[in-house]
Q: 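Below is a structure I'd like to ask you about.
Numbering of ligands and ligand atoms starts at 1, following listing order.
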Amino acid sequence: MYILHFSDFHLFAADKESAHPRADTVAAVEKVLADAASLTPPPDLVLISGDLADCGSAEDYALARQMLALFDAPVLVVPGNHDRRDAMRAVFSGTIPFTPEPFLNFDMVHKGIRVIGLDTIIPGKVEGELCAERLGWLADRLADEKAREETTSGVTFFMLHHPPFGLASPAWDWMTLTAGRDELRALLAGFPGHLRLLTGHVHRPLITSFAGHFAAIAGSPAFQYAPGLGWTSEPPLSAEPYVYWLHHITGFGDVITSPRMIDLG
Ligand SMILES: [Fe+2]
């Protein structure tokens, strides 16, 4: 089974909210999606770890849904700091089993693969948090025996926009998951299954671990930052190829993760 992990499309139908997204962001994302849709076999799940839109208008999400319709597989999203909960919920609540307002959390199993999505945003802020309500919801879900039994692949993807780990960079670390990190680490460390954490926000592809589990950050087709550690101010942009992740669940319960690189010019 194949699971695609994208992030930070920053799609905009008309106006941009932030300065960096390339003028041809829609064309760049179309190129990425066309590449992904051409893979054989086709993906079983498409996961997008936030900042689907640049300013979160209803038109942005209508455009996103239209562009993502080329996949037969379920497309699951969590909000990023540039998304807007209400507009995102309005467009995707028919296909993603979001929890009731205000948060856009979900927990679902598809073809024996479990995906838990966690809303980490603070409206109006760049950084993220997990409040007591969201941590409580997650604790209940992680303890749910029925969901574990339905996860016949043995693999759970855990998706959130803000990385819950430091990035060895003062320019980045203040805007990661700034509250609830230790509580999240404790919850995930006790999870008995094969869990893989997927995030975005950083606009660079990275792999690390968190609470003993594999963790990946997907890049952004809208704009990418230069590599390096220790940045004390915003890193320069980079024209490197965009990277998304392809997770292949083998018949042995393992997951092979490979980067898929797309030159966007
Ligand atoms: Fe972003």
Side-chain angles (χ1 to χ4, degrees), residues 4-33 46-57 59-61 63-64 67-68 75-85 87-88 91-92 104 117-130 159-167 169 171-178 197-208 215-228 231 233-245 259 262 264:
L4 306 182
H5 171 208
F6 302 108
S7 201
D8 295 83
F9 284 174
H10 285 257
L11 288 167
F12 54 94
D15 298 323
K16 289 192 292 181
E17 178 177 80
S18 50
H20 293 321
R22 50 199 297 156
D24 63 346
T25 291
V26 172
V29 173
E30 277 178 341
K31 185 173 181 180
V32 169
L33 296 179
V46 177
L47 308 179
I48 306 174
S49 52
D51 280 0
L52 180 59
D54 192 59
C55 52
S57 70
E59 292 76 20
D60 292 345
Y61 294 114
L63 172 66
M67 292 171 69
L68 292 164
V75 177
L76 305 176
V77 300
V78 290
N81 51 296
H82 285 278
D83 290 307
R84 299 292 185 277
R85 284 179 178 141
M88 186 178 246
V91 168
F92 289 99
L104 295 174
L118 196 56
D119 176 336
T120 54
I121 67 172
I122 310 170
K125 297 281 184 74
V126 178
E127 67 269 33
E129 70 171 7
L130 287 175
M159 183 163 67
L160 68 172
H161 182 64
H162 295 86
F165 37 81
L167 294 158
S169 165
W172 274 112
D173 288 346
W174 70 271
M175 64 172 88
T176 56
L177 190 79
T178 55
L197 191 141
L198 310 179
T199 85
H201 195 45
V202 181
H203 289 236
R204 274 207 68 75
L206 293 168
I207 291 177
T208 183
I217 300 176
S220 169
F223 64 96
Q224 299 207 99
Y225 286 115
W231 295 105
S233 59
E234 185 177 8
L237 300 186
S238 166
E240 292 167 274
Y242 166 71
V243 172
Y244 66 90
W245 298 111
I262 310 287
L264 296 174

Q: Are Ser49 and Phe6 packed together at the side-chain level, in the sense that at least one heavy-atom pair is separated by less than 4.5 angstrom?
A: no
Q: Could you verify whether a donor N or O on one side chain and an acceptor N or O on the other, from His201 and Asp51, lie under 3.5 Å apart?
A: no
Q: Is any N, O or S atom of His201 under 2.8 Å away from the Fe ion (ligand 1)?
A: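 So His201 does not count as coordinating the Fe ion (ligand 1).
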Q: May I ask you to say whether Asp60 pairs ionically with Arg84, meaning some side-chain N is under 4.0 Å from a carboxylate O?
A: no
Q: Is the shortest side-chain heavy-atom distance between Gln224 and Pro205 below 4.5 Å?
A: yes
Q: Within less than 2.8 Å of the Fe ion (ligand 1), any N, O or S from His10?
A: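 Of the N, O and S atoms in His10, at least one lies under 2.8 Å from the Fe ion (ligand 1), which means yes.
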Q: Output the atom name for the N/O/S atom of Asp8 with the smallest distance to the Fe ion (ligand 1).
A: OD2
Q: With rounding to 10 degrees, what does the angle His203:NE2 / the Fe ion (ligand 1) / Asp51:OD2 come to?
A: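 Result: 180°, to 10°.
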